[in-house]
2 protein chains.
Amino acid sequence: MDIRTLCLGLLTMGDASGYEIKKTFEEELSHFYEASYGSIYPALTKLTEEGLVSCREMAQEKRPDKKVYSITPMGRLAFMDALSKKPGRDRIRSDFLAILMFADLLPARQLSRLIDDRIDHYRERLAELDDCHASQEETPAHQFVTGYGRAVYQAAIDYLEDNRHVVEGEALLSRASAAG
Amino acid sequence: MDIRTLCLGLLTMGDASGYEIKKTFEEELSHFYEASYGSIYPALTKLTEEGLVSCREMAQEKRPDKKVYSITPMGRLAFMDALSKKPGRDRIRSDFLAILMFADLLPARQLSRLIDDRIDHYRERLAELDDCHASQEETPAHQFVTGYGRAVYQAAIDYLEDNRHVVEGEALLSRASAAG
DNA sequence: GTTATATATATCATTTCGATATATATAACG
DNA sequence: CGTTATATATATCGAAATGATATATATAAC
């Protein structure tokens, strides 16, 4: 499932411009897939050349012209075919965890700051998912994927809070004094 | 934190060849970072040119020659500097979740198979982490990162098991009959 | 004998990122 | 009134990285 195919999939849900597709990536998909203009625009051009989508230019008032893309019947077939393939493995790259592998090289304050920031970050992402849940009517599929994100973020927060003392070391002392 | 920098970091833990670094990526880092030969070998070449690592060729018996890389004092400084930078955001790409967004387009059997496979996949990854835990003496940092992986995989398995009915639909019926 | 696996390095087309350029319009701020 | 920020919209390009493949040697399995 490359970005080209995922753009095709998004167009099964309704017509859109490249800019709107980027917005969708940022808003709905950002928790499990990312794409930049540098991949989206060439993808749409290629899909058009292949006849999997069609494009009409729309003049707009007080806005730049828009190119609105629609999926073609051939495009729908191609996407169904892509969906039937077994998914590629997840690709992840976490600077946070990579840095943590070298925790013993970090000053204690910096390490604590790193973990604090990461917990804040996950809380923000949880809030985004809750907003998403509140604002719009969701399909079961959307609900399911959103819930998945929530579960994983919450697990990460819980783990960081419960186990940060393993790398922070001195937290052991403050815990002991809090308990005693 | 690009692959070049992470290779430098791995060399702070001991000398290694490109092949051995790839092994480390596959074994210890695969849960949160990936890299291919196509990025590792050029990275080592560039680090050598910059004087951040040094390289000595070693003839081996009954094995191809090896190029063993060592980090230089300058390299250690450069890595400490890189560590002090705040981490880039996580980059993830999950075909599995992307496909699930189109669950309503999938035949029921295919969807169930997809989720079964994913649960199996996470169980395997959990087992890998447990092997890792059992086999080698671990630094606190390593323990912490491994535990993080376990927590997240377990949360994913639990979520999939508890909520698959949301997208599978007919599972609602079997649950109702199992309960009644 | 042939197939698979392991050790070891290297290259290359393709994909993708991240930054930047261009253009138009509104809103905010002092 | 000027400046800065934000939003809409498309496009391109160098740099990074993937995934596949090539080359070479050796052992183990079947």
Side-chain angles (χ1 to χ4, degrees), chain A residues 1-8 15-27 29-30 32-50 53 55-69 82 85 87-95 98, chain B residues 1-8 15-27 29-30 32-50 53 55-69 82 85 87-95 98:
Chain A
M1 178 89 94
D2 53 16
I3 287 174
R4 202 178 128 272
T5 305
L6 192 45
C7 286
L8 191 59
D15 296 354
S17 66
Y19 185 78
E20 288 162 348
I21 286 176
K22 179 67 160 71
K23 277 261 164 305
T24 304
F25 271 102
E26 281 168 7
E27 286 159 15
L29 311 181
S30 73
F32 58 90
Y33 216 104
E34 292 178 55
S36 63
Y37 287 127
S39 52
I40 292 170
Y41 281 114
L44 291 170
T45 303
K46 210 182 171 199
L47 288 168
T48 306
E49 284 166 7
E50 293 168 341
V53 308
C55 172
R56 60 181 194 284
E57 279 190 56
M58 283 178 65
Q60 292 187 113
E61 279 172 41
K62 306 194 175 181
R63 290 260 181 292
D65 288 359
K66 217 189 211 186
K67 287 185 185 175
V68 177
Y69 294 88
K85 301 272 183 293
R89 71 199 194 306
D90 287 3
R91 277 188 284 170
I92 57 164
R93 166 170 305 192
S94 172
D95 273 19
Chain B
M1 178 89 96
D2 53 16
I3 287 173
R4 202 178 128 274
T5 306
L6 193 44
C7 287
L8 191 59
D15 296 354
S17 65
Y19 186 80
E20 288 161 348
I21 286 176
K22 178 69 161 70
K23 277 262 163 303
T24 304
F25 271 102
E26 281 167 7
E27 286 159 15
L29 311 181
S30 73
F32 58 90
Y33 215 103
E34 292 178 55
S36 62
Y37 288 127
S39 53
I40 292 170
Y41 281 113
L44 291 170
T45 303
K46 210 183 170 196
L47 288 168
T48 306
E49 284 166 7
E50 293 168 343
V53 308
C55 173
R56 61 181 193 283
E57 279 190 58
M58 284 178 66
Q60 292 188 112
E61 279 172 40
K62 307 195 173 182
R63 290 262 179 289
D65 288 359
K66 220 187 208 189
K67 287 185 186 174
V68 177
Y69 294 89
K85 301 273 182 290
R89 72 198 194 307
D90 287 3
R91 278 187 283 171
I92 56 164
R93 166 168 305 189
S94 172
D95 273 19

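Not measured: the values here are computed from a predicted model. Quick note on labels: first sequence line is chain A, next is B, and so on, each numbered from 1.
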remark   = In whole angstroms, the gap separating P of dA15(D) from CZ of R4(B) amounts to 14 Å
inquiry  = Any side-chain N or O of S17(A) below 4.0 angstrom from OP1/OP2 of dT8(D)?
reply    = no
task = Of all the heavy-atom pairs spanning D2(A) and T5(A), show the shortest one and how long it is.
result = OD1-OG1, 2.7 Å
query = Please give, in whole Å, the distance from dT18(D) P to D95(B) CG?
reply = 15 Å
Whole angstrom value for the distance that separates P of dT24(C) from NZ of K66(A) = 19 Å
d(CG, D90(A); P, dT18(D)) in whole Å = 15 Å
task = Identify whether any heavy atom of K22(B) sits under 4.0 Å from a base atom; if not, whether one sits that close to sugar-phosphate; answer base, sugar-phosphate or nothing.
result = nothing
ask   = Rounding to a whole Å, what distance do you find between R56(A):CZ and dT10(D):P?
value = 12 Å
note = Assign each of K67(B) and R91(B) the nucleotide of DNA chain C bearing its closest heavy atom; nearer the 5' end lies the nucleotide of K67(B)
query = So, do F25(A) and C7(A) sit near enough that their side-chain heavy atoms are less than 4.5 Å apart?
reply = yes
inquiry  = side-chain contact (heavy atoms from CB on, under 4.5 Å) for Y69(B) and I21(B)? Distances and angles first, verdict last.
reply    = CA-CA 10 Å; Y69(B) 294 89; I21(B) 286 176; 5.7 Å; no
message = To check you understand the geometry: which heavy-atom pair defines the closest contact between E34(B) and R91(A), and what is its length?
response = OE2-CA, 3.8 Å
task = Verify, without hydrogens or angle tests, whether D95(A) (side chain) and G88(B) (backbone) share a donor-acceptor contact under 3.5 angstrom.
result = yes
key: side-chain contact (heavy atoms from CB on, under 4.5 Å) partners of E26(A), counting only residues at least two apart   = K22(A), K23(A)
message = Among residues 32-41 of chain B, which ones have heavy-atom contacts with DNA chain D below 4.0 Å?
response = E34(B), A35(B), S36(B), G38(B), S39(B)
request  = State which of dC17(C), dT11(C), dA9(D) makes the closest approach to the side chain of I3(A).
outcome  = dC17(C)
message = Nearest to the R93(A) side chain among dA11(D), dA17(D), dT16(C), which nucleotide is it?
response = dA17(D)
key: V68(B) backbone acceptor or donor facing D15(B) side chain under 3.5 Å   = no
Considering all heavy atoms, the nearest L6(A)-A98(B) contact = CD1-CB, 4.3 Å
remark   = Against the side chain of P42(B), the closest entry in dT11(C), dT10(D), dA8(C) is dT11(C)
task = Mind listing the closest non-hydrogen atom pair of Y33(A) and M1(A) along with its distance?
result = OH-O, 2.6 Å
key: Consecutive Watson-Crick or G-U pairs in runs of at least 3, all under 3.5 Å, in which DNA chain D is involved   = C:1-30 with D:1-30
inquiry  = Output the rounded distance in Å from CG (L44(B)) to P (dA16(D)).
reply    = 15 Å
task = Would you mind reading off the distance between Y19(A) atom OH and dT6(D) atom C1', rounded to a whole angstrom?
result = 9 Å
query = When the distance from CD1 of I92(A) to C1' of dA17(D) is rounded to whole Å, what number comes out?
reply = 16 Å
